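Heavy atoms only: backbone and side chains are in, while hydrogens, waters and symmetry mates are out. Small disclaimer: the values here were computed from a predicted structure and weren't measured.
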Amino acid sequence: MIIILGFQDFPAESIVITAVATSLCTIIFTSISAARSQIKRQAVDWDIFKRWSVTVVLGSFLSGFIAARLPTLVLEIGIACFLLVVSLIMLSRWVPDPARTMSGKTGTAGLGLFSGTLSGLAGIGGGNVMVPLMVFFNVPMQRAVATSSTLGFPLALVGTIGYAISGWGANITDWSFGYVYLPAAACIAVFTVITAPLGVALSHRIPAATLKRGFGAFLLIIAGRMLFNAL
């Protein structure tokens, strides 16, 4: 998104936040498709979903207003550094303490708020944040992926609303709704809805260790590309 928008005469100061907001918007549609597939497989941890959903949504909504006030370079480097740390953890042989379990109500609320805010700032559905956190608390990889996919819908929907409101009046282009660039959102949404169920099916066929390493490698590539672009 950042690369493509850079070739379309977008104002330089609006490229990153537009890419983030538009990416988050497309996840509304992706998450519906992915969540349906995960729910059919009965892979979702509904207890975690209920405990995280309210604060994840709150954090996601606030992210649009936070991102609008951050310098572009700070936003881009911050996202890249976070993804770099997560990728290295996922690629390592690190194994969580088997006695560790999900924290109490206060801790759970904090984790949800953190996940929602960071996911909204990065323009992601939460998988890059929530999956590592759940794995840290010994939630099985496939179950963590399924639960984060299901939480992705309310996160993306409310986060998109936040970016639309915070960017209201910015008038970036005639086709922008706040910070959301509608043509890109529509094109990406069509293809992600088609391919999301394929990703769900693959996630249940691939061994957990392989899925974890692949996830880490993917994040490492994204983080490296963002840091290269920013610096």
Query raised in the report: Do the side chains of M1 and I188 get nearer than 4.5 Å, heavy atoms only?
Result: yes
**Report entry** Stepwise side chain to side chain contact (heavy atoms under 4.5 Å, CB included) check, V139 with I48
**Finding:** CA-CA 10 Å; V139 176; I48 295 176; 3.6 Å; yes
Query raised in the report: So, do Q38 and T147 sit near enough that their side-chain heavy atoms are less than 4.5 Å apart?
Result: no
**Report entry** F177 with L157, same ILVMFWY side-chain cluster at under 4.5 Å
**Finding:** no
**Report entry** Atom pair CD1/CZ of I17 and R69 - distance to nearest 0.5 Å
**Finding:** 9.5 Å
Report task. Could you tell me which non-hydrogen atom of A189 sits nearest to which non-hydrogen atom of F29, and how far apart they are? Result -> CB-CD1, 3.5 Å
Query raised in the report: Is there a side-chain hydrogen bond (donor to acceptor under 3.5 Å, both in side chains) between S176 and T173 once you walk through the steps?
Result: CA-CA 5 Å; S176 294; T173 73; 2.8 Å; yes
Report task. With the side chain counted from C-beta on, respond yes when L121 and V20 share a heavy-atom pair under 4.5 Å apart, and no when they do not. Result -> no
Report task. Would you please indicate if the ring centroids of F65 and F61 are separated by under 6.0 Å? Result -> yes
Query raised in the report: Linking I/L/V/M/F/W/Y whenever any side-chain heavy atoms sit under 4.5 Å apart, do F215 and L202 land together?
Result: yes
Report task. Could you check if a side-chain atom of W46 sits within less than 4.5 angstrom of a side-chain atom of T150, using non-hydrogen atoms only? Result -> yes
Report task. Check whether any side-chain heavy atom of R213 lies under 4.5 Å from a side-chain heavy atom of F218, and answer yes or no. Result -> no
Query raised in the report: Once you round to the nearest 0.5 Å, how far does CG of L88 lie from CG of L219?
Result: 10.0 Å
Query raised in the report: Is a donor on one side and an acceptor on the other found under 3.5 Å between the side chain of Y163 and the backbone of A67?
Result: no
**Report entry** Straight-line distance of I66 CD1 to S166 OG, nearest 0.5 Å
**Finding:** 10.5 Å
Query raised in the report: Do the side chains of W52 and L133 get nearer than 4.5 Å, heavy atoms only?
Result: yes
Requested in this report: Working to the nearest 0.5 Å, report the span between CG of L227 and SG of C81.
Outcome: 5.0 Å
Requested in this report: Report yes or no: do V158 and I165 belong to one cluster of Ile/Leu/Val/Met/Phe/Trp/Tyr joined by side chain heavy-atom distances under 4.5 Å?
Outcome: yes
Query raised in the report: Hey, any chance I222 and V129 share a hydrophobic cluster, counting ILVMFWY side chains that come within less than 4.5 Å of each other, even indirectly?
Result: yes
Requested in this report: Dump the intermediate steps for side chain to side chain contact (heavy atoms under 4.5 Å, CB included) on F137 and L111, then the final yes or no.
Outcome: CA-CA 11 Å; F137 289 104; L111 289 173; 3.5 Å; yes
Query - Exercise: identify the closest heavy-atom pair between V56 and S115 - result: CG2-CB, 4.5 Å
Requested in this report: Report yes or no: do Y179 and L70 belong to one cluster of Ile/Leu/Val/Met/Phe/Trp/Tyr joined by side chain heavy-atom distances under 4.5 Å?
Outcome: yes
**Report entry** CD1 (I4) with more than 12 external heavy atoms under 6.0 Å
**Finding:** no
Report task. Measure the CD1-OG distance between I32 and S37 for me, rounded to the nearest 0.5 Å. Result -> 12.0 Å
Requested in this report: Would you name the heavy atoms of Q142 and I206 that are closest together and state the gap between them?
Outcome: NE2-O, 3.2 Å
Report summary line: Tightest non-hydrogen contact, residues V180 and A185, listed as CG1-CB, 4.4 Å
Query raised in the report: Is R36 atom CZ crowded by more than 12 heavy atoms from other residues, nucleotides or ligands, each under 6.0 Å away?
Result: no
Requested in this report: Indicate the atoms forming the closest heavy-atom contact of S31 with F153, along with that distance.
Outcome: OG-CA, 3.1 Å
Report task. Indicate the atoms forming the closest heavy-atom contact of L155 with V57, along with that distance. Result -> N-CG2, 4.4 Å
Query raised in the report: Under 3.5 Å, is there a donor-acceptor pair between the side chain of T22 and the main chain of Y181?
Result: yes
Query raised in the report: Do T26 side-chain atoms and S23 backbone N/O form a donor-acceptor pair below 3.5 Å?
Result: yes
Query raised in the report: Atom CD1 of I15 and atom CZ of F10: how far apart are they, to the nearest 0.5 Å?
Result: 8.0 Å
